[in-house]
Enquirer: 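Quick one: structure below, then a few questions.
Only this structure's heavy atoms are used, side chains among them; waters, hydrogens and symmetry mates stay out. All of these numbers come straight from a predicted model, not from anything done at the bench.
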Amino acid sequence: MLRTGIVVLTANNPLPAMRLLLLLIPFTATAQGLQHPPHPPPPGERGSQNLTVVAHLPLGMPGSVSDIEVEQDESRPYAYVARRVHETGFDVIDLSIPGRARVIHRWRIENEDLHQGGAMDGRYFKHEGRYYYMQSVQFGQGGPNSEVGAIIFDVTGLPESFHEVGRIRQSGSRGGFHNTFTYKHSSGKPLLFATSGQYAKVFDLDRFLKGYESEMDAVLNNEDYALVGRVPVAETENMWSRGYHDFYVGYHPESGQDRFYGGGGSGYYVYDITDLADPRLLVTIVGVPGVSWGHTFTPSPDGRYAVGETEFQYQPLRFFDMKPALDGEAGNISHAIGVWHADWKSLAHNHEVRWPFLFVAGYETGLSVVNMEDPRNPYTIAYYDTYNGRHNDRAQSRMGSSPYTWNVYNGAWGVDVRNRDGLIVVSDMTTGFWAFRLEGFDGWDGRDYGMPNISSAQNWDHGPTAQ
């Protein structure tokens with residue numbers, strides 16, 4: 001028996017529905033898929049039976065939580081939750097015993113009330129035997145630190161202590177870094193990719209750390225001291241945005257390339273960034289019906305398929321096959337081969353690929369786990385509604401309205417997966433931190449599925465070429 005739903009795709013103009021040309025496309029999912037409950041769900045139906053809540057920690061006022069990051073090393077049982085809206089900074093959560101998760105540290109920006117904005121996503125990295133956490137921030141020009149994009153902390157001393165190392169500033173493109181990604185390049189360099197102006201800017205973290213250690217004025221006063229590259233947005237007609245919103249960076253074993261996967265502009269873009277000084281465009285995914293710009297873009301471990309999100313209510317996640325473009329058979333990919341939605345009235349947000357599974361933080365629909373082994377027919381295998389407020393109700397929204405997400409901008413913001421044991425962590429804008437176990441998922445290694453062992457989790461000790 002097939003389940004049928006309606007996916008509403010907008011034309012190039014993403015503004016209110018009465019001014020849009022709407023395309024209605026039916027989609028089906030196999031009987032293996034689970035149907036999400038209505039919202040709010042009835043008692044006892046908040047989640048599927050194969051997904052167990054391990055921990056839940058309310059963290060603060062509604063709307064104050066943004067993204068989440070979990071460390072991967074067995075000796076480092078820490079997760080970091082970014083905070084904003086009058087609680088700007090991050091919380092450190094100890095997961096030594098996941099069922100007894102607890103906040104062990106809270107860091108907040110100095111003169112917090114003077115800042116306009118907050119902390120967005122955070123990324124950890126390891127370099128020369130020490131562990132670091134990078135917190136991206138976005139502050140408006142009406143307050144202090146509008147030129148600061150990221151603040152880096154040495155967290156080696158956890159659980160006892162940590163300390164700030166330095167701040168990456170870009171006065172030429174104020175407003176901070178909305179999104180970032182830390183990556184171990186095939187050259188051995190630890191890199192930070194950050195949204196800044198019309199580029200994804202690339203910073204050499206080794207150079208940054210050594211520069212701050214030297215305390216030389218020539219280094220500390222040069223904002224571009226660690227800047228080693230820029231990835232542009234390929235020019236296309238009728239561009240809705242000139243910059244990137246989000247990106248993923250991964251190694252491609254078959255070609256030996258470091259590849260950048262960016263969402264922004266008029267869709268999605270893939271670059272070969274093996275030579276940081278000369279990014280080479282490999283794939284464009286533009287002109288897709290309903291996609292005026294790209295938001296989050298994540299590939300499969302082998303680099304063939306990718307999941308794309310565009311940040312507008314009613315829009316599904318789309319699945320793309322990039323092989324025709326990578327093989328030189330097509331200059332551009334202009335259509336999706338599959339779509340998925342937990343609830344057509346809502347919006348999927350950030351996601352993580354651990355093939356064949358896709359872990360989705362879906363705002364008001366909470367956490368969903370999707371089987372994408374056949375990207376033409378993805379289906380839900382588990383879910384849990386982390387958001388306990390009224391759904392699809394703009395009048396009740398404490399975050400106000402948004403031209404993109406409208407009245408579903410609340411709930412699960414970020415998701416991450418700890419590869420060594422399969423622990424799933426979620427940050428919910430209102431309800432806080434969550435940890436889950438998926439039945440039968442006790443860890444992830446791509447080689448177990450005939451894939452490269454490549455995901456957003458980096459091999460900081462040996463680099464991306466080590467399988």
Side-chain angles (χ1 to χ4, degrees), residues 66-72 79-84 88-90 107 109 117-127 131-139 145-153 155 164-170 173-185 189-209 223-224 226-231 233 243-250 258-264 269 271 273 276 279 294-298 309 311 349-352 361 413-416 427 455-458 460:
S66 47
D67 221 333
I68 191 167
E69 173 87 342
V70 67
E71 291 202 39
Q72 298 286 336
Y80 305 85
V81 179
R83 304 295 305 279
R84 58 183 196 146
T88 299
F90 62 90
W107 181 87
I109 192 76
M120 301 303 293
D121 67 339
R123 305 280 179 172
Y124 93 96
F125 64 98
K126 183 182 180 183
H127 185 56
Y131 293 84
Y132 300 89
Y133 175 70
M134 184 286 313
Q135 179 63 67
S136 73
V137 293
Q138 284 194 292
F139 297 125
N145 288 314
S146 63
E147 79 286 358
V148 175
I151 306 175
I152 295 179
F153 300 83
V155 294
E164 181 179 328
V165 174
R167 303 184 178 190
I168 297 179
R169 304 173 186 271
Q170 291 288 284
S173 51
R174 292 176 180 267
F177 300 159
H178 187 71
N179 274 302
T180 57
F181 196 93
T182 50
Y183 176 65
K184 183 79 168 184
H185 193 268
K189 294 181 180 295
L191 302 176
L192 169 65
F193 290 75
T195 54
S196 184
Q198 296 184 17
Y199 301 94
K201 292 184 178 179
V202 190
F203 299 88
D204 183 334
L205 291 168
D206 173 72
R207 189 174 175 86
F208 173 83
L209 293 171
E223 293 184 350
D224 292 338
L227 183 64
V228 293
R230 294 179 175 88
V231 183
V233 178
Y244 286 107
H245 176 274
D246 206 345
F247 33 70
Y248 171 101
V249 188
D258 300 275
R259 290 182 177 177
F260 171 94
Y261 303 82
Y269 310 85
Y271 279 84
I273 56 161
L276 290 169
H295 186 274
T296 303
F297 187 46
T298 311
E309 184 230 349
E311 185 81 346
H349 190 222
N350 291 334
H351 50 265
E352 287 281 334
W413 175 298
V415 60
D416 202 1
S427 56
S455 68
S456 62
Q458 305 294 303
W460 293 110

Enquirer: Evaluate the salt bridge (Lys or Arg N to Asp or Glu O under 4.0 Å) criterion for residues Glu147 and Arg169: first the C-alpha distance (whole Å), next the side-chain angles of each, then the deciding distance (0.1 Å), finally the verdict.
Expert: CA-CA 5 Å; Glu147 79 286 358; Arg169 304 173 186 271; 2.4 Å; yes
Enquirer: Looking at every non-hydrogen atom in both residues, tell me the closest pair between Gly89 and Gln135 and how far apart they are.
Expert: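 Residues Gly89 and Gln135, closest heavy atoms: O-OE1, 3.9 Å.
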Enquirer: Any non-hydrogen side-chain atom of Glu71 less than 4.5 Å from a side-chain atom of Tyr80?
Expert: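 Glu71 reaches Tyr80 side chain to side chain.
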Enquirer: Hey, does Phe181 have a side-chain heavy atom less than 4.5 Å from the side chain of Arg123?
Expert: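 Arg123 reaches Phe181 side chain to side chain.
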Enquirer: When you look at CZ of Phe153, are more than 12 heavy atoms from neighbouring residues, nucleotides or ligands closer to it than 6.0 Å?
Expert: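 Count over threshold, so yes.
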Enquirer: Got a second to check how far Phe193's CZ is from Phe177's CZ, nearest 0.5 Å?
Expert: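 Rounded to the nearest 0.5 Å, the CZ-CZ separation comes out at 13.0 Å.
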Enquirer: For Tyr124, does its backbone N or O pair with a side-chain atom of Glu69 as donor and acceptor, under 3.5 Å?
Expert: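 Yes; judged by distance alone, with no hydrogens or angles, the pair exists.
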Enquirer: Between Thr195 and Asn179, do the side chains contain a donor N or O and an acceptor N or O under 3.5 Å apart?
Expert: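 No pair is found: no donor N or O on one side chain lies under 3.5 Å from an acceptor on the other.
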Enquirer: Are Tyr132 and Leu209 close enough that some pair of their side-chain heavy atoms sits under 4.5 Å apart?
Expert: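 Yes, side chains in contact.
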Enquirer: Are Asn145 and Arg167 packed together at the side-chain level, in the sense that at least one heavy-atom pair is separated by less than 4.5 angstrom?
Expert: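 Yes, side chains in contact.
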Enquirer: Using the rule side-chain contact (heavy atoms from CB on, under 4.5 Å), only one of Val231, Val249, Asp258 pairs with Tyr271; which is it?
Expert: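 One option only clears the test, and that one is Val231.
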Enquirer: According to the interplanar angle, ranging from 0 to 90°, do the rings of Trp107 and Phe90 count as parallel (below 30°), tilted (30 to 60°) or perpendicular (above 60°)?
Expert: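 Judged by the thresholds at 30° and 60°, the geometry between Trp107 and Phe90 is parallel.
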Enquirer: Could you check whether any side-chain heavy atom of Ile168 comes within less than 4.5 Å of a side-chain heavy atom of Met134, counting everything from C-beta outward?
Expert: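 The answer is no, as the side chains (C-beta and beyond) never meet within the 4.5 Å cut-off.
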Enquirer: Would you check if the side chain of Thr180 reaches a backbone N or O of Ala194 as a donor-acceptor pair within less than 3.5 Å?
Expert: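 Not at all, since once roles are kept as given, no pair shorter than 3.5 Å links the two residues.
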Enquirer: Just do the side-chain contact (heavy atoms from CB on, under 4.5 Å) check on Asn350 and His295 with the steps written out, would you?
Expert: CA-CA 9 Å; Asn350 291 334; His295 186 274; 4.2 Å; yes
Enquirer: Give me the atom names and distance for the closest heavy-atom approach of Val137 to Ala150.
Expert: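 Closest approach of Val137 to Ala150: CG2-N, 4.3 Å.
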Enquirer: Mind checking whether Tyr269 and Tyr244 have side chains closer than 4.5 Å, heavy atoms only?
Expert: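 They are in contact (side-chain heavy atoms under 4.5 Å apart), so the answer is yes.
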Enquirer: Contact between Ile273 and Val202 at the side-chain level, heavy atoms closer than 4.5 Å - yes or no?
Expert: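 Answer no - side chains too far apart.
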Enquirer: Among all residues two or more places apart in sequence or in another chain, which pass the side chain to side chain contact (heavy atoms under 4.5 Å, CB included) test with Asp206?
Expert: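 Partners of Asp206 by the side chain to side chain contact (heavy atoms under 4.5 Å, CB included) criterion, ordered by chain and then number, come out as His127, Glu128, Pro190, Asp204, Lys210.
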Enquirer: Are the side chains of Gln170 and Asp224 in contact, using a 4.5 Å heavy-atom criterion?
Expert: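 Contact flag for Asp224/Gln170 side chains = yes.
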Enquirer: Verify the distance criterion only: is there a donor paired with an acceptor across the side chains of Ser455 and Glu352 at less than 3.5 Å?
Expert: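 On atom types as modelled, these side chains do not qualify, holding no pair under 3.5 Å.
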Enquirer: Does any N or O in the side chain of Asp246 come within less than 3.5 Å of the main-chain N or O of Gly263, such that one atom is a donor and the other an acceptor?
Expert: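 It does not hold such a pair.
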